Number of protein chains: 2
Amino acid sequence: MSDKRPETLTVDRMSTPVGEVLIVTDAEGAVRALDFTDFEARMMRLLARHAPGAILVPGRAPEPVRRAVSAYFDGDVRALDALPVRTSGTAFQAEVWAALRTIPVGETRSYGQLAAAIGRPGAVRAVGLANGSNPIGVIVPCHRVIGSNGTLTGYAGGLERKRWLLAHEAAHAV
Amino acid sequence: MSDKRPETLTVDRMSTPVGEVLIVTDAEGAVRALDFTDFEARMMRLLARHAPGAILVPGRAPEPVRRAVSAYFDGDVRALDALPVRTSGTAFQAEVWAALRTIPVGETRSYGQLAAAIGRPGAVRAVGLANGSNPIGVIVPCHRVIGSNGTLTGYAGGLERKRWLLAHEAAHAV
DNA sequence: ACCTTCATGTCCGAAAACCGCGAGACTTGG
DNA sequence: CCAAGTCTCGCGGTTTTCGGACATGAAGGT
């Protein structure tokens with residue numbers, strides 16, 4: 001490859017009302033991945049794809065990140081909005097994930113609406129797929145996308161959590 | 001991706017007793033590719049795979065490289081031995097190409113011997129394949145590999161050139 | 001000698017399978 | 001007649017699978 005010095009990523013853990021989460025951050029303090037510990041294997045698989053050869057060291061995430069996550073679960077549901085993230089999927093995935101962060105707290109979109117928003121009205125299922133391979137749960141709010149008929153339809157972390165997150169955000173959206 | 005500023009590569013041309021060659025070097029002065037101009041398309045295809053997004057600018061290769069190539073064809077057949085090269089194939093290809101440079105000037109190996117040398121006695125045909133996709137002709141001496149029965153069997157630049165190179169090296173190996 | 005045949009490892013391109021959907025046709029049951 | 005559930009099918013990007021191709025070599029038959 002051109003030039004790939006192995007990158008070291010920090011893996012932290014925090015407990016939340018819906019279970020413990022893993023938070024992966026890089027040297028610049030950007031969040032690279034976030035997922036619930038009961039899906040740790042899945043997250044590692046995604047990481048392996050997006051940051052091949054990276055070295056994972058258990059450690060503490062930067063304080064701003066930890067504070068933001070705590071605040072979010074404590075009711076300050078907008079605390080995650082400005083958190084820097086970094087992903088590395090395909091161009092299509094990048095578009096989808098970027099679009100996700102534009103959904104305001106307390107609102108939802110359907111897969112079709114999201115597809116239309118990125119200019120590909122037909123790519124409905126592809127949006128679902130990209131959604132499902134989002135490495136940064138909660139912060140990149142893939143849980144705000146639901147079926148066009150209002151059903152939740154799916155969530156990598158379990159539908160229960162999706163339901164909880166949406167209710168939590170709705171309750172504190174002010 | 002992690003971090004990919006587009007890289008610029010320099011493309012030079014030199015004439016030799018067996019035809020004009022293209023030499024591609026990078027900013028650090030390492031040789032990235034070398035092939036005969038009548039197979040320019042093939043080389044570009046390999047480059048596209050190994051250095052995607054790189055920008056090719058016609059120009060002059062570093063003097064040490066040009067001197068070494070000249071010297072080699074003038075009879076100083078060991079002049080290329082220390083030339084820095086950089087490739088980017090698969091792990092298997094990297095092993096094969098590294099093994100190639102350990103074949104001394106004036107000697108040859110069979111595909112089977114080379115396969116055994118990298119610890120994969122069965123990967124005989126795979127060695128041939130990797131050999132054929134060597135982007136850096138002459139300097140990485142894929143021409144020193146011949147059939148176990150002494151036939152030349154194949155060369156991306158044409159068997160005539162393979163024959164010439166081997167004879168040239170044998171004549172000046174001292 | 002020469003010419004099959006066969007086993008063999010890797011890579012690449014094509015094709016198929018996979019889905020966190022959605023719209024429309026069809027069934028039920030009220 | 002209407003509403004809500006079920007089924008079917010097309011959709012598009014990504015991943016996985018699969019089938020050749022190949023710069024071989026050894027064996028076995030003419």
Side-chain angles (χ1 to χ4, degrees), chain A residues 39 42 45-46 48-50 89-97 100 108-116 118-134 137 140-163 165-166, chain B residues 39 42 45-46 48-50 89-97 100 108-116 118-134 137 140-163 165-166:
Chain A
F39 293 95
R42 189 186 71 99
R45 197 162 37 75
L46 287 178
R49 178 184 312 297
H50 293 321
T90 66
F92 179 79
Q93 290 171 334
E95 277 190 284
V96 172
W97 296 337
L100 285 175
T108 59
R109 297 284 184 279
S110 75
Y111 294 88
Q113 285 172 335
L114 205 58
I118 64 173
R120 290 206 188 60
V124 182
R125 306 188 66 153
V127 163
L129 203 57
N131 223 351
S133 55
N134 164 33
V140 174
C142 57
H143 59 274
R144 289 179 200 151
V145 185
I146 63 181
S148 68
N149 58 0
T151 55
L152 299 192
T153 67
Y155 188 56
L159 286 182
E160 270 318 312
R161 290 206 179 97
K162 187 170 184 174
R163 198 184 332 276
L165 290 172
L166 289 176
Chain B
F39 294 95
R42 190 186 71 98
R45 197 160 38 75
L46 287 179
R49 178 185 314 297
H50 292 322
T90 66
F92 179 80
Q93 290 170 334
E95 278 190 284
V96 173
W97 296 336
L100 286 175
T108 58
R109 296 285 184 279
S110 76
Y111 293 89
Q113 285 172 333
L114 206 58
I118 64 173
R120 289 208 187 59
V124 182
R125 307 188 64 154
V127 164
L129 203 57
N131 223 351
S133 54
N134 164 32
V140 175
C142 58
H143 57 276
R144 289 179 201 151
V145 186
I146 63 181
S148 68
N149 58 1
T151 55
L152 300 193
T153 68
Y155 189 56
L159 285 182
E160 269 318 312
R161 292 207 179 97
K162 186 169 184 175
R163 199 183 332 276
L165 290 171
L166 288 176

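Note that the structure is a prediction, hence the values are computed from the model and not measured. Chain identifiers are assigned alphabetically (A, B, ...) following the order of the sequence lines, protein sequences preceding nucleic acid strands; residue numbering begins at 1 within each chain.
The partner of C:dG20, taking Watson-Crick or G-U wobble pairs whose two distances both stay under 3.5 Å, does not exist in any strand shown. C:dT8: no Watson-Crick or G-U partner with both key distances under 3.5 Å is found in any strand.
B:Ser133 pairs with exactly one of B:His50, B:Arg45, B:Gln93 by the side chain to side chain contact (heavy atoms under 4.5 Å, CB included) rule, that one being B:Gln93.
Within the structure, every side-chain polar atom (N or O) of B:Arg49 is placed at least 4.0 Å from both OP1 and OP2 of C:dC11.
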> What string of B, S and - do you get for nucleotides 18-25 of chain C 5' to 3' if you count protein non-hydrogen atoms under 4.0 Å?
Replying inline: -BBBSS--

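Between the side chain of A:Lys162 and the backbone N or O of A:Cys142, no donor-acceptor pair lies under 3.5 Å.
To the nearest 0.5 angstrom, A:Tyr155 atom OH is 5.0 Å from A:Leu165 atom CG.
Annotation: side chain of A:Asn131 is in contact with side chain of A:Leu100 (closest heavy-atom distance under 4.5 Å). For the pair A:Arg120/A:Val127, no side-chain contact is recorded, criterion being any heavy-atom separation below 4.5 Å from C-beta on.
Between the CG atom of B:Leu46 and the P atom of C:dC11 there is a distance of 14 Å, rounded to whole Å. We find that CD of B:Gln93 is positioned 16 Å from P of D:dC22, with the value rounded to whole Å. Atoms CZ (B:Arg120) and P (D:dG25) sit 17 Å apart, rounded to a whole Å. C:dG9 atom P lies 12 Å from atom CD1 of B:Ile118, rounded to whole Å.
B:Arg45 comes within 4.0 angstrom of no nucleic acid atom, judged by non-hydrogen atoms across all strands.
Residue pairs meeting the salt bridge (Lys or Arg N to Asp or Glu O under 4.0 Å) criterion with at least one member in residues 142-155 of chain B, sequence neighbours excluded, are B:Arg144-B:Glu169.
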